[in-house]
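As structure tokens, the structure follows; a few thoughts come after it.
Since this is a predicted model, take the numbers as computed values, not measurements.
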Amino acid sequence: MEVSATLKQIHISPQKARLVADQVRGLPVEKALNVLMFSPKKAAAIVRKVLESAIANAEHNEGADIDELKVSAIYVDEARTLKRFRARAKGRGTRILKRSSHITVKVGDSQ
């Protein structure tokens, strides 16, 4: 059994969110929540909420035991990018890319 939760169009770059996602991939959910709780990164709070949602989905929809769940898959995909311009010298402008992410967390039995 594998249950997932997805958060779309979150305003954080995928590169920054993947650093946090790599820390919790494959861990039991209790340990993953502890790692995310004490991480100073902005993405840790976001990933933690998605993980808690996936745990709640597994418990409510599938009747899974929380103690046996682990993070079976977690991935961060690139979402839309806002394109902005900043004024530069001599009448020029440079592009600023404000990136967004889709975060998907899948939890499953530890078998």
**Message:** For a side chain to side chain contact (heavy atoms under 4.5 Å, CB included) check, start with the C-alpha distance between Val47 and Ile74, then their side-chain angles and the critical distance, and finish with the verdict.
**Reply:** CA-CA 9 Å; Val47 171; Ile74 180 170; 3.7 Å; yes
**Derivation of the side chain to side chain contact (heavy atoms under 4.5 Å, CB included) call for Leu33 and Ile55** = CA-CA 11 Å; Leu33 287 172; Ile55 293 168; 4.0 Å; yes
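Within the structure, every pair that satisfies the side chain to side chain donor-acceptor pair (under 3.5 Å) test and touches residues 84-106, not counting sequence neighbours, is listed here: Glu78-Arg99. Evaluation of the side chain to side chain donor-acceptor pair (under 3.5 Å) test over residues 11-25, restricted to residues two or more places apart or in two chains, returns Asp22-Arg25.
By the salt bridge (Lys or Arg N to Asp or Glu O under 4.0 Å) test, Glu52 is found to be paired with Arg48, residues two or more places apart in sequence or in another chain being considered. Residues forming a side chain to side chain contact (heavy atoms under 4.5 Å, CB included) with Ala44 (at least two apart in sequence, or on another chain): Val20, Leu36, Ser39. Residues satisfying the side chain to side chain donor-acceptor pair (under 3.5 Å) criterion with Glu2, sequence neighbours excluded, are Ser72. In this view, Ala58 and Val3, Ala64, Leu69, Val107 satisfy the side chain to side chain contact (heavy atoms under 4.5 Å, CB included) rule, not counting sequence neighbours.
Atoms CG and CD1, on Leu82 and Ile96 in that order, are 11.5 Å from each other to the nearest 0.5 Å. In this structure, the separation between CD on Glu68 and CG on Asp109 is 6.5 Å, given to the nearest 0.5 Å.
Nearest heavy atom pair, residue Val76 against residue Pro14, reads CG1-CA, 3.9 Å. In terms of heavy atoms, Ala5 sits closest to Ala54 at CB-N, 3.5 Å.
In terms of hydrophobic clustering, with Ile, Leu, Val, Met, Phe, Trp and Tyr side chains grouped at heavy-atom distances under 4.5 Å, Ile66 and Val24 are assigned to a common cluster. Tracing side-chain contacts under 4.5 Å through hydrophobic residues (I, L, V, M, F, W, Y), one never reaches Ile46 starting from Tyr75; they form parts of separate clusters.
Between Leu27 and Lys70 there is no side-chain heavy-atom pair separated by less than 4.5 Å.
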